[in-house]
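Small disclaimer: the values here were computed from a predicted structure and weren't measured. Lettering of chains follows the sequences in order, A, B, ..., and the numbering in each one begins at 1.
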Amino acid sequence: MSAAAARRYWLVKSEPDVFSFADLCASEDQTTYWDGVRNYQARNFMRDGMKRGDLVLFYHSSTEPAAIVGIAKVVREAYADHTALDPRDPHYDPKSKADAPTWMMVDVRAVEALVNPLTLADLRGVKGLESMVLLQRGSRLSVQPVTAKEWAIVYRMGMKTR
DNA sequence: GCCAACGTTGGC
DNA sequence: GCCAACGTTGGC
């Protein structure tokens, strides 16, 4: 065994009207920078947890139906979110400075779409997903960890052909 | 559109 | 350091 850390798993939320999984697939190299995270807990997961090669569930929020729709992977680890430094950007944060950025982003690349998008209704009640952060009452975290066990269950459900 | 839940701000 | 007020998220 190498000393390399085990791959970790994550879930990110995006409103599809703003940026959808299809938008990611249509991006150059199917890759984009994940800007606009303005929550400390979510930032810490990106900054401290996300490593190259980690896999990410792509979740569409505030849409009907809200669902996990695809899989992406981390291709660049955390670096400064430049949109926080731009006064004209809607995500501008005057507290963030170029020499000491408050907010970070990573780069993610699309891997594949789920054969079956998985709505919250699909996921609720599934054995093994009881503790999934996404399903917790009042959960609003836009970047959240997923356990290997949860990942395996979601992947199996999402890729099962009918 | 409603509203519960949550995170942040700011007065004290 | 407490906590009320406020703004935002996001399911429904």
Side-chain angles (χ1 to χ4, degrees), chain A residues 8-27 32-50 54-74 77-108 110-111 113-147 149-151 153-160:
Chain A
R8 293 191 227 187
Y9 302 94
W10 308 94
L11 179 145
V12 298
K13 296 180 182 177
S14 186
E15 298 187 24
D17 291 347
V18 178
F19 192 83
S20 69
F21 189 69
D23 291 330
L24 179 61
C25 293
S27 300
T32 195
Y33 50 83
W34 205 255
D35 63 314
V37 172
R38 296 292 180 271
N39 169 282
Y40 287 102
Q41 201 179 354
R43 179 207 63 185
N44 293 347
F45 283 130
M46 282 201 305
R47 185 189 62 190
D48 306 331
M50 281 187 164
D54 284 0
L55 292 172
V56 180
L57 297 172
F58 197 111
Y59 175 79
H60 282 172
S61 64
S62 295
T63 189
E64 185 55 45
I68 299 171
V69 297
I71 293 168
K73 68 177 174 183
V74 177
E77 295 175 13
Y79 58 108
D81 181 344
H82 60 81
T83 67
L85 305 172
D86 179 357
R88 292 160 311 192
D89 192 282
H91 295 300
Y92 175 60
D93 180 357
K95 295 192 302 298
S96 190
K97 303 296 178 205
D99 57 354
T102 303
W103 304 112
M104 312 292 286
M105 59 190 186
V106 298
D107 286 359
V108 296
V111 174
L114 295 192
V115 174
N116 313 308
L118 299 170
T119 67
L120 294 177
D122 292 332
L123 298 170
R124 290 193 199 283
V126 173
K127 190 172 180 333
L129 298 185
E130 296 85 356
S131 300
M132 194 171 181
V133 177
L134 182 70
L135 303 180
Q136 302 312 301
R137 178 179 172 82
S139 173
R140 307 194 312 188
L141 257 188
S142 62
V143 177
Q144 52 182 256
V146 172
T147 68
K149 184 178 160 195
E150 289 163 352
W151 177 274
I153 294 168
V154 169
Y155 188 84
R156 191 181 324 121
M157 290 176 69
M159 289 306 179
K160 189 179 211 170

- Considering only heavy atoms, which members of residues 83-90 of chain A lie under 4.0 Å from some atom of DNA chain B? none
Not counting sequence neighbours, which residues clear salt bridge (Lys or Arg N to Asp or Glu O under 4.0 Å) with [X]? List them please.
{"X": "A:D93", "answer": "A:K95"}
{"X": "A:R156", "answer": "none"}
{"X": "A:D89", "answer": "none"}
{"X": "A:R124", "answer": "none"}

- Message: Any side-chain to backbone donor/acceptor pair from A:D35 onto A:M105? Under 3.5 Å, distance only.
- Response: no
- Query: What is the ring orientation for A:F58 with A:H60, classed by angle as parallel under 30°, tilted 30 to 60°, or perpendicular over 60°?
  - Reply: perpendicular
- Is the A:W103 to A:Y40 ring centre distance short of 6.0 Å? yes
- Sorted by first residue and then second, give each ring pair (Phe, Tyr, Trp, His ring centres under 6.0 Å) pair with at least one member in residues 77-97 of chain A; sequence neighbours left out.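 Only A:Y33-A:H82 qualify under ring pair (Phe, Tyr, Trp, His ring centres under 6.0 Å).
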- Item | Any residue meeting side chain to side chain contact (heavy atoms under 4.5 Å, CB included) with A:D122, in chain and number order, not counting sequence neighbours | A:L118, A:T119
- Message: Checking A:R140 now: which residues fulfil side chain to side chain contact (heavy atoms under 4.5 Å, CB included) with it, not counting sequence neighbours?
- Response: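 Expected list: none.
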Output side-chain donor-acceptor pairs under 3.5 Å for residues 12-21 of chain A, partner residues at least two apart or in another chain, one line each.
{"residue": "A:K13", "atom": "NZ", "partner": "A:S139", "partner atom": "O", "Å": "3.4"}
{"residue": "A:K13", "atom": "NZ", "partner": "A:L141", "partner atom": "O", "Å": "3.4"}
{"residue": "A:S14", "atom": "OG", "partner": "A:F19", "partner atom": "O", "Å": "2.6"}
{"residue": "A:S20", "atom": "OG", "partner": "A:A22", "partner atom": "N", "Å": "3.3"}
{"residue": "A:S20", "atom": "OG", "partner": "A:D23", "partner atom": "N", "Å": "3.0"}
{"residue": "A:S20", "atom": "OG", "partner": "A:D23", "partner atom": "OD2", "Å": "3.2"}

- Neighbours of DNA chain C within residues 43-50 of chain A, by heavy-atom distance under 4.0 Å: none
- Task: Please work out which residues in residues 120-135 of chain A have a non-hydrogen atom less than 4.0 Å from an atom of DNA chain C and list them by number.
- Result: A:L120, A:R124
Round to a whole Å and report the spacing from [atom1] of [X] to [atom2] of [N].
{"X": "A:H60", "N": "C:dG11", "atom1": "NE2", "atom2": "P", "result": "12 Å"}
{"X": "A:Y59", "N": "C:dG10", "atom1": "OH", "atom2": "P", "result": "8 Å"}
{"X": "A:K95", "N": "B:dG10", "atom1": "NZ", "atom2": "C1'", "result": "13 Å"}

- Task: Answer whether the closest heavy-atom distance between the side chains of A:V108 and A:K73 falls below 4.5 Å.
- Result: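 Side-chain contact under 4.5 Å: no.
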- Once you round to the nearest 0.5 Å, how far does CD of A:E150 lie from CG of A:L134?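 If we round to the nearest 0.5 Å, A:E150:CD and A:L134:CG are 9.5 Å apart.
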For nucleotides 3-9 of chain C, tabulate all protein N/O to nucleotide N/O atom pairs closer than 3.5 Å, reporting atom names and distance.
{"residue": "C:dT8", "atom": "O2", "partner": "A:R140", "partner atom": "NH1", "Å": "2.7"}

